[in-house]
**Q** 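Have a look at this one.
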Amino acid sequence: MDTIAVIDFETTGISPEHGARATEIAAVLVRDGVVVDRYQSLMNAGAWVPPFIEALTGISNEMVRAAPPAAKVMREVADFVGGHPMAAHNASFDRKFWDAELARAGRSRTQDFACTMLLARRLLPHAPNHKLGTLVEFAGLPVAGRYHRALADAEMAASLLVRLEDELVARFRLGAVTHGLLCEIQGMPARELDRFIRSGTTSGVRARFFAR
DNA sequence: TGCCAGGCCCTCTTTAGGGCCTT
C-alpha cells in the first residue's frame with residue numbers, strides 16, 4: 001500500500017485568495033494502515049488571528065508571533081512530505097493553502113490529493129453528516145486530541161482514511177488500495193458508485209480498477 | 001478592524017438554487 005501524507009492546516013480564514021494565511025500545519029505519514037511519522041508546527045505568516053478563529057482553534061496571536069516564519073515551516077513540512085501522495089479532509093481547502101503557502105516559500109506541489117470527505121460521502125453515506133468529528137464518532141475511531149488543532153485533526157483524518165481503505169477492500173474485494181484508486185473513486189459520480197454498492201454487483205468496479 | 005470562497009452534490013434540476021465542508 002502507498003505511503004500517504006495526510007495533512008491539516010489551521011488558518012486565519014477560508015480563502016488564501018482573500019488574505020487568509022496559515023497558522024499551523026501538521027502532516028502524518030500513513031503506511032500499511034499505521035501512522036509511522038509525524039510533523040507539526042505553528043507558523044508566523046504575519047497575519048492577524050480573528051477572535052472567532054482563536055476561539056475555534058485555541059491558537060492566539062501571541063502563539064503565532066512566537067512561531068517560526070511560515071516559509072521556513074513550509075520548507076520543512078514539504079521536505080517531510082517529500083514526494084508522497086497526499087490526503088486531507090475536504091482536501092480542496094487544504095490543497096489551496098498548501099499551494100499558496102508553498103509558493104510563498106518558493107516551492108510547488110507535484111502530487112495529487114485524496115479527499116476523505118468525498119470518499120466518506122460515497123463509502124459512509126449513512127453518517128449523520130460528513131464533518132471530520134462526526135465521522136470519527138460514527139466510525140468509532142479514537143479522538144486524537146483537541147479538534148481544530150492541526151496534529152489531532154491530521155491524525156483523525158489518517159484514521160478515517162485507513163477506515164475508508166478497509167471499506168474498499170471489504171466491499172470490492174480488492175487486494176490493495178492505492179492512492180490512485182482513492183482519487184479515482186472520489187472522482188466517480190456518486191450515483192454511479194452507489195449503484196454498484198447497492199446492487200452488490202462489484203465485479204464491474206473491480207474490472208474497471210484492475211484493468212488499469 | 002476583521003471583510004471574504006468554491007467545488008461537490010442533491011433535487012421540487014439541467015435555461016438553478018441551495019446545503020455541505022474546510023478555518
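Naming convention: chains lettered A, B, ... in sequence-line order (proteins, then strands); numbering from 1 in each chain. Excluded from the calculations below are hydrogen atoms, water molecules and symmetry mates; all remaining heavy atoms, backbone and side chain alike, are included. Just so it is clear, the model here is predicted, and its values are computed rather than measured.
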**Q** Which whole-number value in Å describes the distance from Leu119(A) CG to dC9(B) P?
**A** 10 Å

**Q** Lys96(A) NZ to dG6(B) P: how many Å, rounded?
**A** 7 Å

**Q** Work out which heavy atom in Arg122(A) is nearest to a heavy atom in Arg171(A); give both atom names and the distance.
**A** O-NH1, 4.5 Å

**Q** Which part of the nucleic acid, if any, lies within contact of Asp94(A), taking any heavy atom under 4.0 Å across all strands shown: a base, the sugar-phosphate backbone alone, or nothing?
**A** nothing

**Q** For Phe9(A), which contact category applies under a 4.0 Å heavy-atom criterion: base, sugar-phosphate, or nothing?
**A** sugar-phosphate

**Q** Which heavy atom of Ile4(A) sits nearest a heavy atom of Met86(A), and at what distance?
**A** CG2-C, 4.0 Å

**Q** How far does the C1' atom of dT13(B) sit from the matching atom of dG18(B), given to the nearest Å?
**A** 12 Å

**Q** Considering all heavy atoms of both residues, which atom of Val73(A) and which atom of Ser41(A) are nearest to each other, and what is their separation?
**A** CG2-OG, 3.6 Å

**Q** First locate atom CD of Glu54(A), then atom OG1 of Thr23(A), and finally report the distance between them rounded to the nearest 0.5 Å.
**A** 10.5 Å

**Q** For Asn129(A) and Thr134(A), does a side-chain donor sit closer than 3.5 Å to a side-chain acceptor?
**A** yes

**Q** C1' atom, dC10(B) versus dT14(B): distance in rounded Å?
**A** 12 Å

**Q** Write down the distance between CZ (Phe97(A)) and P (dC4(B)), rounded to a whole number of angstrom.
**A** 15 Å

**Q** Can you give me the closest heavy-atom contact between Phe93(A) and Thr11(A), atom names plus distance?
**A** CZ-OG1, 3.7 Å

**Q** For atom C1', what is the distance between dT23(B) and dG2(B), given to the nearest Å?
**A** 14 Å

**Q** Between His148(A) and dT23(B), does any side-chain N or O lie under 4.0 Å from OP1 or OP2?
**A** yes

**Q** Mind listing the residues from residues 48-55 of chain A sitting with a heavy atom below 4.0 Å of DNA chain B? Number order is fine.
**A** Trp48(A), Phe52(A), Ile53(A)

**Q** Is there any protein nitrogen or oxygen under 3.5 Å from a nitrogen or oxygen in nucleotides 17-21 of chain B, and what are the pairs?
**A**
from, atom 1, to, atom 2, distance (Å)
dC20(B), O2, Arg121(A), NH2, 3.3
dC21(B), OP1, His130(A), N, 2.4
dC21(B), O2, Asn90(A), ND2, 3.0

**Q** Phe93(A) has an atom CZ; how far is it from atom C1' of dG6(B), in whole Å?
**A** 12 Å

**Q** Please find the pair of heavy atoms, one from Arg149(A) and one from Thr57(A), that lie closest to each other, and give the distance.
**A** CD-O, 3.1 Å

**Q** What distance separates Glu165(A) CD from Leu119(A) CG, expressed to the nearest 0.5 Å?
**A** 9.0 Å

**Q** Tyr39(A) and side chain to side chain contact (heavy atoms under 4.5 Å, CB included): which single residue from Asp79(A), Val81(A), Ile25(A) fits?
**A** Ile25(A)

**Q** With a 4.0 Å cut-off on heavy atoms, is Thr57(A) in touch with a base, just the backbone sugar-phosphate, or nothing at all?
**A** sugar-phosphate

**Q** Given the rule that I, L, V, M, F, W and Y join up when any side-chain heavy atoms are under 4.5 Å apart, are Trp48(A) and Phe9(A) in one cluster?
**A** no

**Q** How long is the line joining CG of Leu42(A) and P of dT23(B), in whole Å?
**A** 15 Å

**Q** Provide the distance between the two C1' atoms, one in dA16(B) and one in dC12(B), to the nearest whole Å.
**A** 11 Å

**Q** Given dC4(B), dT23(B), dC9(B), which nucleotide is nearest the side-chain atoms of Leu118(A)?
**A** dC9(B)

**Q** Please find the pair of heavy atoms, one from Met74(A) and one from Ala105(A), that lie closest to each other, and give the distance.
**A** CB-CB, 4.0 Å

**Q** Within residues 62-72 of chain A, find the residues that approach DNA chain B with a heavy atom at under 4.0 Å, and present them sorted by residue number.
**A** none

**Q** To the nearest Å, how far apart are Asn61(A) CG and dT1(B) C1'?
**A** 12 Å

**Q** Starting at the 5' end of DNA chain B and moving along, which residue's nearest nucleotide shows up first, Thr12(A) or Arg95(A)?
**A** Thr12(A)

**Q** Pair Arg75(A), Arg107(A) - check side-chain contact (heavy atoms from CB on, under 4.5 Å), show working.
**A** CA-CA 8 Å; Arg75(A) 285 193 286 268; Arg107(A) 301 279 190 92; 4.0 Å; yes

**Q** Would you measure the distance from the P atom in dT15(B) across to the matching atom in dC21(B) and give it in whole Å?
**A** 27 Å

